[in-house]
Q: 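Quick one: this structure, given as structure tokens, is what I'll be asking you about.
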Amino acid sequence: KNRRQKYSYNLNRKRLYRSARRRAAPRIACSHIRHAWDPTKSVAQNLAEMGLAEDPNKAVPIPKKKLVSGMEVESDGRVRGKKIVRKPYVVNEMEYEASLPEKKSNTLSRDLIDYVRYMIQNHGENYKEMARDEKNYYQDTPKQIKRKINVYKNFYPEEYKDFIASLKQEKMDVQ
């Protein structure tokens with residue numbers, strides 16, 4: 001069967017591939033845009049209906065404009081009318097989503113937390129002594145150790161206060 005098939009030299013495969021790619025719907029990351037997207041319209045038409053800019057250079061032009069009775073006049077004298085936004089809820093939802101506070105997902109490694117707790121437990125606030133400790137594998141300087149302890153304080157303030165309170169309690173029990 002394969003022997004019977006001949007390669008067609010007259011067929012332009014690049015054009016076929018390109019036209020198939022053009023027909024495919026664009027991949028849209030934002031769910032608000034994805035739901036409001038109309039596949040029968042072009043990208044420019046869809047974005048204009050939503051009140052979004054297709055080309056940022058055209059949306060925020062460099063030349064100065066003058067307003068003439070509700071119409072915008074460009075520097076070359078052309079008059080542009082106001083674009084009608086048919087789907088303003090898309091921009092409103094995106095603005096609302098952007099205004100939400102961002103969750104801090106930064107955490108410290110378990111090794112760093114254990115290292116800082118060990119140093120504070122054995123040496124208190126003496127950073128020079130911490131630098132000479134045998135558990136200081138990376139040979140951190142006193143300033144580097146102090147910085148690591150401050151990072152731990154900032155990331156886990158309640159945990160740090162509880163830890164210091166427990167150390168004071170242990171000292172009182174020993175005395």
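Hydrogens, waters and symmetry mates play no part in the numbers below; they use all other heavy atoms, side chains included.
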Q: With side chains defined as the heavy atoms from C-beta onward, is the minimum distance between Val116 and Leu108 less than 4.5 Å?
A: no
Q: Would you say the side chain of Lys153 lies within less than 4.5 Å of the side chain of Ile149, judging by non-hydrogen atoms?
A: yes
Q: So do the side chains of Leu167 and Gln121 get within less than 4.5 Å of each other, counting heavy atoms only?
A: yes
Q: For His123, what residues pass the side-chain hydrogen bond (donor to acceptor under 3.5 Å, both in side chains) criterion, not counting sequence neighbours?
A: Glu129, Asp133
Q: Report yes if the side chains of Leu112 and Phe155 come closer than 4.5 Å at any heavy-atom pair, otherwise no.
A: no
Q: Would you please test Phe163 and Ile113 for side-chain contact (heavy atoms from CB on, under 4.5 Å) and show each step?
A: CA-CA 12 Å; Phe163 178 64; Ile113 293 170; over 6 Å; no
Q: Is any side-chain heavy atom of Trp37 less than 4.5 Å from a side-chain heavy atom of Leu47?
A: yes
Q: How long is the gap from CZ on Arg117 to CG on Asn122, to the nearest 0.5 Å?
A: 13.0 Å
Q: Side-chain atoms of residues 84-100: list all donor-acceptor pairs with protein atoms under 3.5 Å, sequence neighbours left out, distances to 0.1 Å.
A:
residue: Arg86; atom: NH1; partner: Glu49; partner atom: OE2; Å: 3.4
residue: Lys87; atom: NZ; partner: Ala36; partner atom: O; Å: 2.6
residue: Asn92; atom: ND2; partner: Pro88; partner atom: O; Å: 3.4
residue: Glu93; atom: OE1; partner: His32; partner atom: ND1; Å: 2.9
residue: Glu97; atom: OE1; partner: His32; partner atom: NE2; Å: 2.7
residue: Ser99; atom: OG; partner: Tyr96; partner atom: O; Å: 2.7

Q: Restricting to side-chain hydrogen bond (donor to acceptor under 3.5 Å, both in side chains), what partner residues turn up for Glu125, sequence neighbours left out?
A: Tyr127
Q: Roughly how far, to the nearest 0.5 Å, is OG1 of Thr141 from NZ of Lys146?
A: 11.5 Å
Q: Please report the shortest heavy-atom distance between Lys41 and Asn46, naming the atom on each side.
A: O-ND2, 3.4 Å
Q: For the atom pair CD1 (Ile145) and OH (Tyr138), what is the distance rounded to the nearest 0.5 Å?
A: 13.5 Å
Q: State, with a plain yes or no, whether a side-chain heavy atom of Gln144 is found less than 4.5 Å away from one of Arg147.
A: yes
Q: Keeping the roles fixed (side chain from Asn154, backbone from Asn150), state whether a donor-acceptor pair exists under 3.5 Å.
A: yes
Q: Could you pull out all residues at least two apart from Tyr156 that satisfy ring-ring contact (aromatic ring centres under 6.0 Å, His included)?
A: Tyr152
Q: Can you name the nearest heavy-atom pair linking Lys135 to Met119, along with the distance?
A: C-CE, 4.3 Å
Q: Using side-chain hydrogen bond (donor to acceptor under 3.5 Å, both in side chains) as the criterion, list what pairs up with Tyr160, not counting sequence neighbours.
A: none
Q: Could you work out, with side-chain hydrogen bond (donor to acceptor under 3.5 Å, both in side chains) as the rule, every residue matching Asp162, not counting sequence neighbours?
A: none
